[in-house]
Amino acid sequence: MGCGSSSPKPSQPVRSRDKGDIILTSEVTDSDFKSTQAQPKKPAPQSNGTTQRQTKPSGQLSGNKTHHTNNNNGAVIVNSIYSKPPSVESGTHDLLVENVEDLTGSDVKPKPSRKKKSQIMSDPEMFKAIDSHVARTPASVCTSIPTLVDYLVKAARTPLERARAIHKWVTTNIKYDIEGYMGRSEKKSNDATDVLKHRCSVCAGYSNIFETLCRCAHIPVMVINGYGKGYSHKDEEDVDISNLSTNHAWNAIFVEGEWRLLDCTWDAGYVDGKSFHWHKRDNYFLMDPEYFVSSHLPFMNKDITTSQAWQLLDKPVDPKTFFKSVKLEEGSVKYGVFPLSHKETVVQVNCEACIEIQKHSVGEIVDTLISFVDTEDNKEYQQCVATERSGTDVIKFNVRPSKAGTYKLTIFINTPEEEKKWAHLFKYVIKCTSVLDNLVLFPNHRQLYGPKQIYKELGFDKGVTKKAIYSTDSGELEIILPTLKQMSVLCTLETEDSTKLQNAVFQQSTSNSISLSIRLPRTGNYKLIIFATNGREHVVAITYMIQCTNVLNEFRPYPVVFGSTTTKYQVVLHEPKVKEIPANSPVVFRFSSPVLKSAQIGKKVFQKTDNSDEWKITFDTLDSGAQVNLFGSAEEQGTREALFGFLTK
């Protein structure tokens, strides 16, 4: 929402939105973002009017010195010198205060951040004690800014921990003023003292109270006002920058020797147009600037130069790029999944498009879930998008709208870290101008096509990742699977209603590939599941989609293949490649193998007579309905094993 929280993060994906939802244009002005609390340069928080935490001026902390130096990029680095403050009347505070009391937000110029959030917050448990302390905040200390700060910082020993305590308190105690924002009641004041009193405000109030608390806790802090892609944001291709106005506010704090960004409003929760819902998270706390800028554009006093500096980036993003770019939701940043092929929100589609995303962090995308909704009638279309895995880190979304129009494509993923939850990545606006002439919709069931991440361990080469969705306009298709060794697989071919087809896939193996010949009985969508052994059992290795737009010939099932023995003897069948062969007729069997020395059909045995790998045998079949098997062996005598099975007709 405009001056409020970010888009909702549902525990389960939202399939469609309520037709009663409305989009508001923010009426927030620059004056709403101005701090309403007088800010002393060196505040001294007091507790109950009797306890005062004291710090000596810079350079007088027990004889210690504070050094302010510049790094190679010109950013100010505050060398942290800690000293235990003197005892106070209410007891001794075991608090180490970094000597930055002489600094205010305006003293340290914004420079690009050099540390990653993952470096600063390397231990997931590092703030456990702080958060627990904040959760126990008694109501008696929440009567004034000084008494609240005095309590919050008791468990903190560094400016970072103090900032964390303040952020945690604000995001778990201040709810969004949804009634005022929606115009259902008078807006609550943005004054920090009033926010503390009412425990309710909009973004300006969140940023003001955070600023006031930080100044009282001796943390250099700034209020940043600008534009946020929140509830009221509309995805548009072109934005008139000259009429750009602010609609959101957030903060920057100086910790760990550099400025960092945070947004208490969006970490507190979100609104759905009717109610406020708590998040109580730390997603936007110290978020890396390159991710933060996907949803937050500083725009202070219409000063582009100063505003761009507060992006904290080496190469600031210009407003036009900001408004066109995809907004990264929590799941995107948390799991390191970002747009690859389409980095702009609005995607122009002529008939079809392929949108690719990429995972940059370690770990697997177990599954995906999408919502594809027509923005005009708010109807979801479940057969316009098919998803495929390409390699170990890329997911492709094949989009084929069934009619021209504008759609919203929302993408979620499932990861091993949170198997039962769907993480929201981002959304696209699909503007389709035309559709395919011979459009075949995708299967109605949800499926992530392509190889599993363990495909190499199962014996497949990386070539199997190139394509996962195939099509045929004849009813026949051949798929070559590159392998790292000679191997056989088990295949299951299913129709769209999960009916399994018999003898529709014919498998033959060589030392570095598996050839799958496929015949389809009718037009439609099919799912080809390939199983491979991991040494203990057969597991799903690859899943392909096959779309059949036309069938030229009558469906003729393939012979039965005894995969383990055909692989063992490296047998390739050339003819007949049909299960049903003529009864009471001479039938030619052609096959090749570098290993076989004898073959058998029925009771008739054939010996190898030359050094060629090729075999050609003519066999007189019996009456209709007779089973005819082709056997083979690497020995001239002894037991022979079944290779292929036929049936006379």
Side-chain angles (χ1 to χ4, degrees), residues 1-7 23-37 39 105-106 110 170 174 176-178 180-183 187-192 194-195 200-212 214 221-236 238-253 259-268 270-271 284 287 289 291-313 316-325 327-328 345:
M1 50 196 224
C3 177
S5 52
S6 64
S7 304
I23 302 297
L24 298 181
T25 301
S26 174
E27 298 178 352
V28 181
T29 63
D30 286 350
S31 62
D32 289 317
F33 300 104
K34 294 179 180 178
S35 175
T36 55
Q37 181 87 358
Q39 305 298 346
S106 59
V170 171
I174 308 300
Y176 195 80
D177 182 15
I178 183 63
Y181 178 73
M182 301 301 292
K187 285 185 178 181
K188 296 289 192 299
S189 168
N190 296 327
D191 178 85
D194 290 337
V195 175
C200 184
S201 188
V202 291
C203 60
Y206 278 92
S207 58
N208 282 340
I209 191 172
F210 182 84
E211 178 196 31
T212 303
C214 282
V221 60
M222 286 286 292
V223 171
I224 311 295
N225 56 290
Y227 189 91
K229 294 179 182 177
Y231 179 74
S232 65
H233 173 69
K234 296 180 180 179
D235 295 300
E236 301 177 21
D238 296 304
V239 175
D240 186 357
I241 306 302
S242 63
N243 293 327
L244 181 63
S245 61
T246 57
N247 74 339
H248 192 44
W250 56 94
N251 296 97
I253 53 175
W259 285 105
R260 301 295 304 194
L261 301 167
L262 58 92
D263 188 333
C264 291
T265 314
W266 287 12
D267 273 342
Y270 69 91
V271 301
Y284 289 94
M287 178 182 281
Y291 308 144
F292 203 85
V293 78
S294 80
S295 55
H296 295 70
L297 181 72
F299 193 67
M300 299 178 290
N301 301 318
K302 297 187 177 181
D303 183 345
I304 295 294
T305 302
T306 300
S307 298
Q308 286 188 332
W310 282 107
Q311 292 182 26
L312 305 183
L313 293 170
V317 174
D318 65 89
K320 287 188 176 181
T321 300
F322 168 80
F323 281 101
K324 288 185 177 182
S325 299
K327 175 191 174 186
L328 306 179
T345 304

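In this chain, residues are counted from 1 in sequence order.
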So, does Y227 use its side chain to make a donor-acceptor pair with the main chain of F299 at under 3.5 Å?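 No, Y227 side chain to F299 backbone: no donor-acceptor pair under 3.5 Å.
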Where [X] and [Y] come nearest, the two heavy atoms and their spacing:
{"X": "I174", "Y": "C200", "answer": "CG2-N, 4.1 Å"}
{"X": "H233", "Y": "G228", "answer": "CB-O, 4.4 Å"}
{"X": "A204", "Y": "S207", "answer": "O-OG, 3.0 Å"}
{"X": "S325", "Y": "T321", "answer": "OG-O, 2.6 Å"}

Can you measure from [atom1] ([X]) to [atom2] ([Y]) and round to the nearest 0.5 angstrom?
{"X": "S307", "Y": "N301", "atom1": "OG", "atom2": "CG", "answer": "7.5 Å"}
{"X": "K302", "Y": "S245", "atom1": "NZ", "atom2": "OG", "answer": "8.0 Å"}
{"X": "T265", "Y": "Y176", "atom1": "OG1", "atom2": "OH", "answer": "7.5 Å"}
{"X": "F323", "Y": "K229", "atom1": "CZ", "atom2": "NZ", "answer": "7.5 Å"}
{"X": "I224", "Y": "M300", "atom1": "CD1", "atom2": "CE", "answer": "4.5 Å"}
{"X": "D318", "Y": "Q308", "atom1": "CG", "atom2": "CD", "answer": "7.5 Å"}

Can you tell if the side chain of [X] reaches within under 4.5 Å of the side chain of [Y], non-hydrogen atoms only?
{"X": "T345", "Y": "K327", "value": "no"}
{"X": "S295", "Y": "Y284", "value": "yes"}
{"X": "S232", "Y": "Y181", "value": "yes"}
{"X": "E211", "Y": "N251", "value": "yes"}
{"X": "Q311", "Y": "L297", "value": "yes"}
{"X": "D263", "Y": "H248", "value": "yes"}

is_close_aromatic(W250, W266), centroid dist under 6.0 Å: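 No - the distance between ring centres of W250 and W266 does not fall below the 6.0 Å cut-off.
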Side chains of S201 and N190: donor-acceptor distance under 3.5 Å anywhere?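 Side-chain D/A pair, S201 to N190: present.
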Applying side chain to side chain contact (heavy atoms under 4.5 Å, CB included) to F292 and L312, what does each step give before you reach the verdict? CA-CA 10 Å; F292 203 85; L312 305 183; over 6 Å; no
Here's a test for you: under side chain to side chain contact (heavy atoms under 4.5 Å, CB included), which of D194, N208, V195 qualifies with S189?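 It is D194; the other options fail the test.
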